[in-house]
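Scroll down for the structure; my scribbles are underneath it.
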Amino acid sequence: MTSGHVAAFWADEEARLLDPARPHVVRDSKTPSGAVPISALRGPVISDALTRTFRAHGLDVRFVYTIDDYDPMDSQSMREKAGMAEHMGKPLCTIPSPDPSVAPDFAEYHAARFIALFAGLGITPEFYRMRDLYRSGALDKQIDLVLRNAEAIRAIHKRIANVDHEAGWLPISVICENCGRIGTTLATDYDGNTVAYVCRLDYVEWAQGCGHGGRISPFKGNSKLLWNEQWCAQWDHFGVTYEEGGKDLLTAGGSRDRSNEIYREVFRREPPLGLAHEFFLFGGKKMATSKDIGAKATDLVAIYPPELTRFLMLRTHPKRHIEFDPAGMTLPRLMDEYDRCADDYLRDHMTDFAKTWRLSQVSPDPSPPPAYRARFGTVANWLQIPSITPEKEAGREKAAALDDRELRDLHVRIELARQWLDRWAPEEAKFSVSQTVPQIEFTKDQRRYLVEIKELVGKVRDPEEMQNQLYEYAKKAGLVNEEGKPRRDAFAAIYLAFIGKPIGPRAGMLLTSLEPEFVRRRLDAVAIP
RNA sequence: GGGCCAGUAGCUCAGCGGUAGAGCAGGGGACUCUUAAUCCCUUGGCCGAGAGUUCGAAUCUCUCCUGGCUCACCA
């Protein structure tokens with residue numbers, strides 16, 4: 001290895017930062033409070049790709065994922081939903097399930113969904129629910145440590161983030177014994193066994209406490225550490241050595257800085273390494289704000305094949321933002337690029353593109369891509385021509401029958417292309433027979449040609465034969481160039497007459513796939529000025 | 001105000017110290033059947049601006065400009 005900076009694949013660069021002599025724990029987490037938009041998958045996909053890469057480097061790695069189901073319900077949008085207002089401020093895991101037949105409580109309802117979603121994407125960490133960690137007492141040691149150092153922590157908050165908590169403040173939230181809320185309580189005065197607390201009516205804006213107060217043990221699930229301190233407690237509990245995160249958290253003076261400082265000073269340990277990833281922007285916006293955008297983003301995960309979702313997250317360096325808009329030519333471009341990476345993989349596993357392709361697969365140890373893959377845009381064209389059977393057409397293109405894997409791959413593309421044509425394809429990419437007669441000025445030659453081919457309609461049924469006849473008729477009609485070949489405007493006349501655009505699918509197929517009576521009427525209509 | 005990211009061919013981007021690249025779009029051609037597809041060829045860039053380091057900078061350093069995101073309450 002030479003001196004100086006060597007540009008390497010980003011995941012390999014991260015792997016080199018880790019000490020190979022010791023075991024490692026990668027961590028990520030999520031609050032189960034709603035549907036997962038596609039943008040929220042960037043973090044988990046990156047963490048998973050890093051875990052796979054670390055293992056490939058021979059490192060001993062666990063991938064731990066915590067479900068923050070002890071967090072208080074604070075979502076403004078939930079507050080407006082019927083029956084939810086009374087639950088504001090309660091731990092997510094004590095709020096009723098939207099559908100008890102699916103999951104027993106609100107948190108589990110959403111957690112079950114994203115666990116399944118992750119599994120479908122090949123992301124399979126060890127899941128831990130915060131309710132279990134707290135109630136079992138697994139974090140009691142860390143809670144005691146935090147409470148005994150509350151003053152030092154308060155000073156760190158003041159110094160790093162310029163947040164001034166009142167004197168006596170403790171960085172935990174007690175669950176109110178009277179109303180069950182966790183977001184509304186202020187705790188003080190730790191004596192080694194219990195804390196004093198008050199459930200304040202106006203402690204936070206998004207929920208109202210009940211005014212109850214008393215003393216209670218903060219252990220065995222009676223309380224929850226605040227965000228920064230809970231972070232440290234989990235690092236300590238699991239021995240986390242690597243945790244990537246969004247730049248909203250990893251910014252200077254931000255949340256991660258505070259936690260790192262607390263971890264060093266109070267827990268006397270070195271905080272995990274981890275890169276900060278840029279955001280995944282949706283049409284220029286961060287999403288979630290707009291329900292419309294958020295909903296679309298959730299749908300996408302169901303529509304895109306899992307490897308394409310992973311690819312979308314991994315092909316861009318984590319430190320660069322992804323500007324994503326599913327409309328227009330985005331999908332064909334994405335698929336083409338995916339295919340280019342697959343080709344790279346077939347040639348050489350060690351290039352950056354090849355690594356990206358491999359990490360995009362659901363399986364950590366995938367079989368190579370099929371050698372024949374129909375191009376996405378082509379498949380979309382096939383679907384728009386009634387006389388074409390994609391499987392047959394693909395076989396013709398490959399010049400051999402497709403094997404099982406190639407067929408499966410084709411069918412995935414067919415389904416995706418249907419969605420694309422239906423939702424996102426620009427008009428130029430679509431061709432359909434216009435129902436009204438296009439207002440086009442045809443030349444005299446073109447009109448004569450259109451009249452003459454009328455006698456073929458209904459008589460010639462075979463697309464190939466029709467194609468040949470159209471060619472011959474063009475010569476007969478004198479629509480030829482110097483070499484005696486038909487000119488472009490011959491076939492363009494057909495397309496303009498039926499599709500309204502000068503290009504389209506093979507004319508022979510187009511005309512034989514339509515009702516003869518309809519074809520004759522249309523030819524009459526356009527040929528008569 | 002702090003932080004991060006971007007500014008390279010018409011578009012989307014790759015390259016990150018050694019004679020400017022890809023895909024798409026545009027132009028031309030081949031397949032003695034147009035279009036599409038496929039294949040071949042091709043046009044096209046003072047690499048945001050300025051200064052510095054270097055034998056050499058799109059690449060490193062500094063300053064600036066433009067755009068985007070984000071943190072400054074909670075999680």
Side-chain angles (χ1 to χ4, degrees), chain A residues 4-7 29-31 33 68 70-76 92 160-165 173 183 203-207 224 226-228 230-231 246-258 275-281 284-286 315-323 325 328-330 332-334 336-337 339-340 352-353 374-375 377-382 384-385 388 393-394 396-397 399 428-429 431 464-475 479-481 483-496 499 501-510:
Chain A
H5 177 76
V6 178
S29 67
K30 175 150 191 58
T31 305
S33 56
D68 296 341
Y70 230 44
D71 285 5
M73 165 62 79
D74 63 356
S75 155
Q76 192 57 43
L92 294 167
I160 308 271
N162 201 26
V163 178
D164 213 351
H165 293 288
S173 300
Y203 191 55
V204 290
E205 283 180 15
W206 36 269
K224 168 195 170 311
L226 294 186
W227 169 252
N228 289 282
Q230 173 173 293
W231 212 342
K247 70 168 180 181
D248 53 337
L249 301 179
L250 300 219
T251 191
S255 201
R256 181 71 171 262
D257 267 8
R258 254 173 287 156
L275 58 78
H277 71 252
E278 265 282 351
F279 278 130
F280 182 101
L281 304 175
K285 298 224 172 66
K286 200 203 156 193
R315 69 168 171 156
T316 305
H317 190 289
K319 294 202 60 105
R320 296 191 163 205
H321 72 250
I322 299 174
E323 186 88 45
D325 183 345
M329 295 303 285
T330 297
R333 286 213 182 104
L334 188 63
D336 282 352
E337 202 173 327
D339 282 337
R340 238 172 280 137
D352 288 6
F353 288 149
R375 191 173 174 185
T378 309
V379 174
N381 283 340
W382 291 344
Q384 296 180 82
I385 305 166
I388 281 187
E393 198 64 21
R396 183 185 307 181
E397 195 176 72
E428 310 89 77
F431 37 81
E464 287 300 311
E465 179 57 21
M466 177 63 93
Q467 186 73 21
N468 289 331
Q469 289 296 327
L470 289 173
Y471 187 76
E472 293 306 319
Y473 271 62
K475 284 196 212 164
L479 285 159
V480 291
N481 59 18
E483 297 167 31
K485 287 185 183 178
R487 292 201 308 263
R488 294 184 166 207
D489 57 345
F491 283 84
I494 297 174
Y495 297 124
L496 286 167
I499 300 172
K501 290 184 287 198
I503 59 165
R506 282 177 80 89
M509 290 178 176
L510 178 66

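Order of the sequence lines sets the chain letters (A, B, ...), proteins ahead of strands, with each chain counted from 1. What you see is a predicted model, and the numbers here were worked out from it, not measured in a lab.
- B/rA14 atom P lies 13 Å from atom CZ of A/Arg340, rounded to whole Å.
- Taking atom CD on A/Glu337 and atom C1' on B/rC11, their separation rounds to 14 Å, with Å as the unit.
- Nucleotide B/rG15 holds its P atom 7 Å from the CZ atom of A/Phe353, rounded to whole Å.
- In this entry the distance linking CZ of A/Arg333 with C1' of B/rC13 reads 10 Å, nearest Å.
- As rounded to the nearest Å, B/rC41 and B/rG23 have P atoms that lie 10 Å from one another.
- Residue A/Lys319 holds its NZ atom at 7.0 Å from CG of A/Leu275, rounded to the nearest 0.5 Å.
- Here the P atom of nucleotide B/rA6 and the CD atom of A/Glu278 are 8 Å apart, to the nearest Å.
- Distance check, rounded to the nearest 0.5 Å: CD1 of A/Ile160 to OG of A/Ser255 gives 11.5 Å.
- Applying the 4.0 Å criterion to OP1 and OP2 of B/rU38, one finds that A/Arg375 has a side-chain N or O inside that range.
- Rounding to whole angstrom units, CE of residue A/Met329 and C1' of B/rU12 are separated by 12 Å.
- A salt bridge between A/Glu278 and A/Lys247 is present, with a side-chain N of the basic residue lying under 4.0 Å from a carboxylate O of the acidic one.
- Expressed to the nearest 0.5 Å, how far OG of A/Ser75 lies from CH2 of A/Trp206 amounts to 11.0 Å.
- Taking atom CH2 of A/Trp382 as the reference point, atom P of B/rU38 lies 10 Å away to the nearest angstrom.
- Comparing the same atom, P, in B/rG27 and in B/rU63 gives a spacing of 46 Å after rounding to whole Å.
- By the salt bridge (charged side-chain N to carboxylate O under 4.0 Å, His left out) test, A/Arg333 pairs with no residue at all, sequence neighbours left out.
- Stem list for RNA chain B (at least 3 consecutive Watson-Crick or G-U pairs, distances under 3.5 Å): B:1-7 with B:65-71, B:10-13 with B:21-24, B:26-30 with B:38-42, B:48-52 with B:60-64.
- Separation of the P atoms belonging to B/rU53 and B/rU12 is 36 Å when rounded to the nearest angstrom.
- In this structure, CG in A/Leu249 is found 9.5 Å from CZ in A/Arg258, a value given to the nearest 0.5 Å.
- Between A/Leu92 and A/Thr31 the shortest side-chain heavy-atom distance falls below 4.5 Å.
- Side-chain contact check for A/Leu281 versus A/Ile322: every heavy-atom pair is 4.5 Å or farther apart.
- Here, B/rU66 and B/rG10 have their P atoms 23 Å apart, quoted to the whole Å.
- Separation of the C1' atoms belonging to B/rA49 and B/rG26 is 30 Å when rounded to the nearest angstrom.
- Following rounding to the nearest Å, A/Lys319 (NZ) and B/rC5 (C1') show an atom-to-atom distance of 9 Å.
- Distance check on atom C1': B/rU54 versus B/rG18 gives 12 Å, rounded to whole Å.
- Between A/Asp352 and A/Gly253, the residue anchored closer to the 5' end of RNA chain B is A/Asp352, taking for each the nucleotide with the nearest heavy atom.
- Ionic pairing of A/Arg375 and A/Asp336 is present here: one or more N-O contacts between side-chain nitrogen and carboxylate oxygen are shorter than 4.0 angstrom.
- Looking at A/Lys247, its side chain comes within 3.5 Å of the base of B/rC69 through a donor and an acceptor atom.
- Here A/Asp68 contributes atom CG and A/Trp227 contributes atom CH2; the two are 6.5 Å apart, rounded to the nearest 0.5 Å.
- Within the 4.0 Å cut-off from OP1 or OP2 of B/rC69, not a single side-chain nitrogen or oxygen of A/Arg320 is found.
- Separating the C1' atom of B/rC16 from that of B/rA6 is a span of 15 Å, rounded to the nearest Å.
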Interface polar pairs with nucleotides 72-75 of chain B, N/O, under 3.5 angstrom:
from: B/rA75; atom 1: O3'; to: A/Asp71; atom 2: OD2; distance (Å): 3.1

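- Going from the P atom of B/rA37 to that of B/rG28 covers 15 Å, rounded to whole Å.
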